[in-house]
Amino acid sequence: MEANSEYAVQMHGITKVFGTFKALDGVDLDVRKQSVHAILGENGAGKSTLMNVLYGLYSADEGEVFLNGKHVDISNPNDAIAQGIGMVHQHFKLVHNYTVTENIVLGMESVNRFGVLDLKTAEKRVAELSEQYGLMVNPRDKIEDITVGMQQRVEILKALYRGADTLILDEPTAVLTPQEIEQLIRIMRDLVSKGKTIIIITHKLKEIMSSADVCTIIRRGQYMGTVDV
Ligand code: ADP
Ligand code: MG
């Protein structure tokens, strides 16, 4: 497929080799704007590797990446974030004795004119985003006091706070209860209806049926095809 501005993300011919092992062999991914696009494949298929390439954690050995139809070079997560890509990893990266807001601003220079970390302003912004996307996260809660499902929403907020237009969720349902999965699906639909694009990694077919618009299947590092759900 040609590079096209109707697509939030296009990855063409992505190959990634670890030593002598080819984890990805010429994989293609075309993600339409404002869609939920699932990447389906068994454990070890290369799903996380493909997304780690998009997020700048791995550099591909071959292939090209286009965002909104434009060729980009993403060589680290800061590049990815600057280009509007956010990623929620399978294992969260939150500091447990910090609050939601402290975690969200961690590593960002949100300092006021007195040189003090402006937590009040950040809390307000976090509350706004939480409200806007129906996340029901309390900016002042400590991470250690909230459920894993809520912690995941904090990771989503962290990406949104940094201006993510496209959100990568790596196996997000693995840690959730059935009720939390229902809520996550509702949140994903809401994000998409408000202009975001979501890439969700999963190895469960059933989850795709209820939450995705399009599905790309990868098997042992090979691109198998893309179907409308
Ligand atoms: P999936 O997310 O689909 O379960 P991964 O993308 O994590 O699969 O892994 C694909 C293959 O690449 C696996 O065989 C895995 O062991 C291998 N792999 C992933 N990351 C590395 C790495 N940093 N070094 C060596 N091998 C890796
Ligand atoms: Mg994985």
Side-chain angles (χ1 to χ4, degrees), residues 8-31 35-67 72-81 83 85-94 148-149 151-156 158-159 164 166-178 180-181 184-185 187-188 197-227 229:
V9 173
Q10 294 177 287
M11 302 179 80
H12 291 168
I14 302 294
T15 294
K16 178 65 189 173
V17 178
F18 294 111
T20 57
F21 176 72
K22 217 175 227 185
L24 296 171
D25 188 4
V27 171
D28 293 327
L29 178 72
D30 295 275
V31 181
S35 69
V36 175
H37 194 121
I39 301 179
L40 179 69
E42 289 167 19
N43 277 324
K47 307 180 298 295
S48 295
T49 301
L50 185 66
M51 289 302 100
N52 285 336
V53 167
L54 179 58
Y55 197 57
L57 286 164
Y58 292 157
S59 69
D61 295 290
E62 282 172 47
E64 291 182 302
V65 177
F66 304 86
L67 301 180
V72 290
D73 272 312
I74 298 171
S75 48
N76 56 57
N78 283 337
D79 284 352
I81 291 162
Q83 300 276 0
I85 308 276
M87 183 160 181
V88 177
H89 297 275
Q90 219 167 335
H91 304 287
F92 309 149
K93 299 171 187 299
L94 300 169
V148 170
Q151 292 175 10
Q152 184 177 66
R153 295 184 197 185
V154 174
E155 289 279 14
I156 292 172
K158 192 166 180 167
T166 296
L167 262 175
I168 304 163
L169 307 177
D170 192 348
E171 303 273 6
T173 59
V175 293
L176 300 181
T177 65
E180 286 173 332
I181 292 175
L184 177 67
I185 290 169
I187 288 165
M188 290 196 302
T197 302
I198 293 179
I199 305 175
I200 173 177
I201 296 183
T202 178
H203 62 273
K204 294 183 198 153
L205 197 59
K206 189 165 156 259
E207 287 169 8
I208 293 183
M209 296 308 177
S210 54
S211 65
D213 301 302
V214 181
C215 174
T216 291
I217 299 149
I218 299 175
R219 189 155 85 211
R220 292 198 208 108
Q222 306 275 337
Y223 172 79
M224 293 286 118
T226 296
V227 291
V229 177

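First listed ligand is number 1; within each ligand, the first listed atom is number 1. One is the number of the first residue; the rest follow in order along the sequence.
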Minimum-distance pair of heavy atoms, taken over all atoms of Ile201 and Pro172: O-CD, 3.5 Å
May I ask you to decide if Lys93's main-chain N or O and Glu155's side chain share a donor-acceptor pair within less than 3.5 Å? yes
Interatomic distance, Gln152 atom CD to Ile187 atom CD1 [nearest 0.5 angstrom]: 8.0 Å
So what's near the Mg ion (ligand 2), protein N, O or S atoms under 2.8 Å? Ser48 OG
Under the ring-ring contact (aromatic ring centres under 6.0 Å, His included) test, residues paired with Phe92 that sit two or more places apart: none
What is the minimum heavy-atom distance between Ser48 and Asp170, and which atoms define it? OG-OD2, 2.7 Å
Would you find a donor on one side and an acceptor on the other, under 3.5 Å apart, between the side chain of Asp61 and the backbone of Val17? yes
Please walk me through it: do Ile156 and Met188 pass side-chain contact (heavy atoms from CB on, under 4.5 Å)? CA-CA 10 Å; Ile156 292 172; Met188 290 196 302; over 6 Å; no
Mind jotting down which protein residues get a heavy-atom contact under 4.0 Å with ligand 1? Chain and number order, please. Phe18, Phe21, Ala23, Glu42, Asn43, Gly44, Ala45, Gly46, Lys47, Ser48, Thr49, Tyr58
Side chain to side chain donor-acceptor pair (under 3.5 Å) pairs touching residues 11-31, sequence neighbours excluded, are Gln10-Asp30, His12-Asp30, Asp25-Gln222
Side chain Lys47, main chain Ile39, donor-acceptor under 3.5 Å: no
